[in-house]
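Contents: one structure, followed by commentary.
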Amino acid sequence: MFQGQRAWFCRSVSGELQQFWVTEGGRISVPGAADFLFSCDASHPDTLRIYQSLDYIEDNATVFHAYYLSAVANAKIKNSVALGHFLLPPACLQEEIRGKIGNFIWEQDQHFLIEEHNEV
Amino acid sequence: ATDNSKLLKYRCSGCIAVGKSLNSRNFSKLLHSCSYQCDRHKVIMETEDRYKSELRKSLICNKKVLLTPRRRKRLNTES
Ligand SMILES: [Zn+2]
């Protein structure tokens, strides 16, 4: 499913999800060369660096929640999962956004998440 | 709201687009070019846009702050 695609992973993403990416044909790369930027924690220093980059400011770097990958792993039709539901905005904006539209989709669909992601 | 209207509300190009064409590089542009964003994507996009323009401003300010005193200091030690 991810043949020929490169992804960057924040260290907040579990090895299991990264392994799934590789198993599906994806490669892992540095942020500058990645087609996909995945994170599980918008306030992790790795991810903060993305939000402070020129790429982000210029709309060239959207960070997605890595739960997208577990949604794909659990979907009957793998490419039926909408990536757009897994937008991960900077942590400092999440509260404001939640106030307007409720929980993020990656917060609601917890049932398909891998056990490792228990809230700490 | 019923499940149906909820689904309809969720359908803009940011919601529907699946598969290989979308990624971290083009998603933001796709969303900006979509003329009928759903509530969800609209709110996220507008909030991020505001944040980005603040970042842009502070980036320009930082450059000025960083450049001016340093140059001044150097001039002071030289004189
Ligand atoms: Zn949408």
Side-chain angles (χ1 to χ4, degrees), chain A residues 1-8 25-26 29 31-39 42 50-64 68 71-72 75 77-105 108, chain B residues 1-70:
Chain A
M1 154 120 189
F2 303 123
Q3 205 69 49
Q5 314 263 38
R6 288 157 302 181
W8 168 84
S29 84
D35 305 302
F36 292 89
L37 304 166
F38 289 119
S39 171
I50 305 285
Y51 293 135
Q52 285 156 1
S53 70
L54 213 57
D55 270 352
Y56 175 75
I57 296 176
E58 290 175 343
D59 294 333
N60 291 321
T62 303
V63 180
F64 294 103
Y68 167 69
V72 170
I77 308 161
K78 279 201 170 25
N79 58 10
S80 68
V81 180
L83 181 66
H85 287 158
F86 293 86
L87 278 180
L88 183 68
C92 57
L93 305 180
Q94 289 180 10
E95 209 41 58
E96 182 187 344
I97 295 172
R98 233 178 252 126
K100 288 176 183 161
I101 58 173
N103 282 351
F104 291 94
I105 290 181
Q108 295 167 351
Chain B
T2 66
D3 276 358
N4 239 345
S5 71
K6 215 176 185 181
L7 272 179
L8 281 174
K9 255 195 346 207
Y10 281 172
R11 294 186 83 76
C12 71
S13 52
C15 293
I16 306 170
V18 291
K20 279 190 176 177
S21 52
L22 259 191
N23 59 39
S24 288
R25 301 306 171 191
N26 57 24
F27 187 81
S28 186
K29 283 174 201 112
L30 170 99
L31 208 54
H32 280 97
S33 66
C34 173
S35 50
Y36 49 93
Q37 290 126 4
C38 65
D39 296 348
R40 200 157 260 281
H41 279 115
K42 197 175 173 171
V43 166
I44 298 177
M45 198 186 74
E46 284 174 357
T47 315
E48 276 199 276
D49 280 352
R50 209 173 338 108
Y51 179 67
K52 283 175 189 174
S53 76
E54 277 163 24
L55 277 181
R56 220 173 282 134
K57 268 184 245 156
S58 76
L59 211 75
I60 295 165
C61 284
N62 277 342
K63 258 185 207 152
K64 277 185 194 149
V65 171
L66 280 176
L67 285 177
T68 356
R70 213 177 278 166

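Keep in mind that this is a model prediction, so the values were computed, not measured.
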So, the part of A/I57 with a heavy atom under 4.5 Å from chain B: the answer is both
Cut-off 4.5 Å, heavy atoms of chain B, and the answer for A/Y56 is both
Working to the nearest 0.5 Å, report the span between [atom1] of [X] and [atom2] of [Y].
X	Y	atom1	atom2	answer
A/L88	A/F38	CG	CZ	11.0 Å
A/R98	A/K100	CZ	NZ	13.5 Å
B/E48	B/L55	CD	CG	10.5 Å

Ranking A/L54, A/I97, A/V63 by heavy-atom pairs under 4.5 Å to chain B gives rank one to A/I97
Cut-off 4.5 Å, heavy atoms of chain A, and the answer for B/L59 is side chain
What one should report as the nearest heavy-atom pair of A/L37 and B/S24 is N-OG, 2.8 Å
